[in-house]
Amino acid sequence: MDLYEYQGKELFGRFGIPVSDGRLATTAAEARAAAEALGGPVVVKAQVLTGGRGKAGGVKLADGPDDAEEKAGGILGLDIRGHVVRKLWVERASDIAKEYYLSVTFDRGAKQPLFMLTREGGVEIEQVAEENPEALARLHVDPLEGFQPYQARRLIYGAGIDDPSEQKQILAIIGKLYRCFVESDAMLCEINPLIVTPDGEVKALDSKCTVDDSALFRHADIAKMRDVEAADPLETFAREKGVTYVKLDGEVGILGNGAGLSMSTVDVVVVAGGRPANFCDLGGGGDAQGVVDALEVITRDDQVRSIFFNIFGGITRCDEVARGILTALDQMQITMPIVVRLDGTNADEGRKILADAAPANLHVEPTMLDAAQRAVELAQAA
Amino acid sequence: MDLYEYQGKELFGRFGIPVSDGRLATTAAEARAAAEALGGPVVVKAQVLTGGRGKAGGVKLADGPDDAEEKAGGILGLDIRGHVVRKLWVERASDIAKEYYLSVTFDRGAKQPLFMLTREGGVEIEQVAEENPEALARLHVDPLEGFQPYQARRLIYGAGIDDPSEQKQILAIIGKLYRCFVESDAMLCEINPLIVTPDGEVKALDSKCTVDDSALFRHADIAKMRDVEAADPLETFAREKGVTYVKLDGEVGILGNGAGLSMSTVDVVVVAGGRPANFCDLGGGGDAQGVVDALEVITRDDQVRSIFFNIFGGITRCDEVARGILTALDQMQITMPIVVRLDGTNADEGRKILADAAPANLHVEPTMLDAAQRAVELAQAA
Amino acid sequence: MPREGPLMAIVIDRDTRLVVQGLTGSEGRFHGLRNRNYGTNVVAGVTPGKGGQDVEGIPVFNTVAEAVDEQGANTSLIFVPARFATDAIYEAVDAGVTTVICITEHVPAHEMLRVYTYIRAKGVTMIGPNCPGALSPGKANVGIIPAEIFSEGTIGLVSRSGTLTYQIGHELTQLGLGNSTIVGIGGDPVVGSSFIDIVERFEADPETELIVLVGEIGGDEEEKAARYVAEHVTKPVLAYIAGFSAPPGKTMGHAGAIISGSSGTAAAKKDALEAVGIEVGTTPTEVAQLVADRFGART
Amino acid sequence: MPREGPLMAIVIDRDTRLVVQGLTGSEGRFHGLRNRNYGTNVVAGVTPGKGGQDVEGIPVFNTVAEAVDEQGANTSLIFVPARFATDAIYEAVDAGVTTVICITEHVPAHEMLRVYTYIRAKGVTMIGPNCPGALSPGKANVGIIPAEIFSEGTIGLVSRSGTLTYQIGHELTQLGLGNSTIVGIGGDPVVGSSFIDIVERFEADPETELIVLVGEIGGDEEEKAARYVAEHVTKPVLAYIAGFSAPPGKTMGHAGAIISGSSGTAAAKKDALEAVGIEVGTTPTEVAQLVADRFGART
């Protein structure tokens, strides 16, 4: 789960990482009130879960409440890389002498947290890594050893930060960022830029945090940060139903079981000349209610012309899936063609259940490729 | 550093381990007031850093304030194994249905924390380990893995605790005790007995905690629990001076450098037929002030008849020690015989410094054995 | 069920003495009994508080330590809920189990970092979490792989996905080809065994003649495996990658299946594999056909 | 200083490339330079914030990683204050140093539990904390042992105490006997190397003919060493134990030197050693004499 800048900064604040004072605003009037409360010049910042908001005009300096209101009006509603701005973070403006970069990420390759620090902040870290790799200090942390102060020292010396006051502040921030990362079950905690003000104060001017979905059960406070309104309504509906669903842009609705097989099904539909409408994984359960829920999600997409059920039973039992399909057809009166392919655990029973019921729009195919071709044909014919 | 029962219970309380409500009292009147505040029957318990206080009459049940005052009067001033009772813990009396034992210790042999749990509580654990070892569940914890819930399960099943409510409470207490142990830098956290009341409530009726002296710098709250008044005044004085000193019961004052050599010096004085007055380790420094401080400590002991300086220089430099001895003699006007033996780093310079000054009561000997014999003779002659 | 043939296999074999953690739960019971019916030596179950019971004759203990002490368990299959999964892994490893297969999905990633580091140092073999387990046809089945769709043979199959593995195994069976061992390593960002770990075993396994590697988007394990194969593997290797049509930034079902920025794409993985001479099939059917062709060419 | 003779020794030898953590402090400087004067290859110092300086020509770095990268350091000698000591150990080990000798005393015991577990899994050799270091006469000296009182020879000496080691070494020298290596393992409850670790190396060391073990009250390392010697050591072993007159419950200077209840007494240790045929001297002088007698008997 990705956090907005303001949410990440709230997290930073809890761990003692210095951030600027600010207020959330969802209207221009709220932005004015925020500027009034903060006093002095403020920065009005679009809150969107994508990069490039600066270039897109999503970040503006305002010299006071009037200006903040006006700038907020201009930013709200902007479309930044497909994300419509509905929230603003209004924060006290900072003078910037230097821009650094600091992050800790979950390095799945090394299977260790990875710190990165560079004095070349304010730009994409990939760019620094490519153009000026020796400016980027990188250090892995052994997860059992945990954070040790020497690691922070290696980072600051490695990055060439030589001002003693900056060193001291950044050493402290590195330790706090690690705590934030581990104790929040984060996959990424990035500060870009980490600024130094003309007075020599170091603080986080931006935040980018991603939290492990699987650990949200122990972080109720973070879980409730999820912005339901900003998400794709179909994906939100799917989440509520407990269905793993990603909207794509075609006509063949796809329902597989297991992430790998579902991904492969999407690919095979493309190979068969079709355009997949979605990725949808029934998951390990696959009982009747699961099938009903998944079909409900898939059929809410108006583009869908045919549905391809691709099931290979492991934990999932094909007879249950078959019963789920019949139940769903019964409850939902789906008229569009449904192509079903069943194999694995209890596949024979499943096929028999479908053959016995034999609804008119149900087509059972013997192989994955056959079924994909049939689903594509039926979508194109519809 | 050993904690009193009431201090250990304060620690337990911080980590959520259930203990009875109680008050500290240093007079019979305070014990009465405590009983009044607590209401109902109370237990008046001598606070001493030794075992066996129950048998020694140091723990008494009182049915109310009057009785508590009376019982307190009887316990205060008791000598329990050489410890005079100056403090009482007055706590609400508990009904006891069962007495269990739970501890986590620093197992230096295994280099891991060791949990022990048995239903045979209320007696010395060594006795259980010897007489009924299969009743004692033991489990080591990998320090990097840390506490995992399964460990608590292994302990409760291993100890044969089968009541589900007790299991649940003890599982929680085991986890909290481990946190208490690690986060307090304890060498021992023992609950004996861990009682079950007739209502099925589990709580710590006693506590025995020892905290690592080397970690007290980060536990100011625990460090200030040290009971200066109860300690041997000479040892307290030594601690203030930063001198490692243990009072023994003889006439030859001993000052060595390094724990091993100092211990060996004590042994060698015994081999030479003498009785050591103390163990005293000058430590690694051994500058003039250190020697002065150590001599001040040793000579405060009226039993001392001669002093044996046994120095083998490593970090300690013999010339500094020699200068320290002369400075001390100068400042303190010590008239009793001092036998000095110097070897190792800068030994020649040290011997020369002493030879040049040649105070009348100073005897330089070439070997440790010679010096020990001389010091014993001089003590016996004095 | 088959009880003849060689005893050896990778990860699990006839020496496997299995304890099922969570045997009394519905999934644990269903698959534990299926594994036993297949011929796997299921010696114990563990469910705290249910010690002394049995599941169709399989004794249940309160702790893994008892299962090891009393039944000689050496391999654990874990079905406990996600928030108790790493505790179960530590319990198994600390009790002396040397192979752990964890089926549970949604195990928090940070917990797995610590577990991974802990068990690697101990030399323990771990498969999963969020995996279907391992099957050595004719020898043993530990996990949820439907064994009936696979047959005995000499193809080693390793995959990040469960159902996709079944699909490819099924296609191979249709072509008359069988497997030495099938290992589903799991779809999480941190899993106990990587492609390289399993490919290394297949290379050393006398019963494996050819290796099929089934990857998917996310991470760089396929790229690393390609380099490893180029340097260390003499047996033929073929591959399949899922997720060519996946959009960046979206988790495709598996927590590990996500294209981050420009890394982790199926195309990049295909390129890396092909660069070292590993053919990559476009569909599960095609990869099975490539295997059949290769066997035709070799025999 | 001697530069001839065999290169081998235990723990440290002519291949030792030493970095001194805390070289710019007064102790670090004093002993670091003494070690260099003895002939030890002191290649670097580390003090955060003093990188770029030098101590009499020894370059100082901000981090151990730099000392390893730029100077090829493979052994670290640690003089930093107690509250920074375990950080320094982790820094050394993570930078690739394979032998760590920590002189610092008063290191918190719980920190050492974690460090110990961490470094053992990595195969790193650690001596200390709260130890005098190691000296291989004629080869290298790492730590605070006054080398001039020892001479070259074939007696391996291992001890929990610093000054007591010097005493015994001194007595040996008086009798014309020399040492292969002297290792002070330290007086804390948890130290990186035990008697057994060092005795095992002496047994394997071709330059060591006889082993002297210098123990003291507290713990059961001497008892364990006795069992180990009985089972694994072919070379003659002699011992000395300090603390016969120590009262129970009192820490005798070393955090590890404490008699707890009935365990850890000098008498118990002496009994355990004698039970396996290891003679125990009553004074340092006597143990040295026993060694001399033994050599007389053998040559």
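Residue numbers start from 1 in every chain, and the chains themselves are labelled A, B, ... in the order their sequence lines are given, proteins ahead of strands.
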For this session: Answer whether the closest heavy-atom distance between the side chains of C/Glu200 and C/Tyr228 falls below 4.5 Å.
Result: yes
Exercise. So what's closer than 4.5 Å to chain C heavy atoms on B/Asp142: side chain, backbone, both or neither?
Worked result: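 Interface part for B/Asp142: side chain.
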For this session: Name the region of C/Tyr118, side chain, backbone, both or neither, that has any atom closer than 4.5 Å to a heavy atom of chain B.
Result: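 When you check distances to chain B, only side chain atoms of C/Tyr118 fall under 4.5 Å.
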For this session: May I ask you to name which of B/Arg154, B/His140, B/Gln148, B/Glu145 has the most heavy-atom pairs under 4.5 Å with chain C?
Result: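 Max contact count across the listed options: B/Glu145.
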Salt-bridge contact [X]-[Y] (side-chain N to carboxylate O under 4.0 Å):
| X | Y | value |
| --- | --- | --- |
| B/Arg153 | C/Glu91 | yes |
| C/Arg227 | C/Asp220 | no |
| B/Glu5 | B/Lys9 | yes |

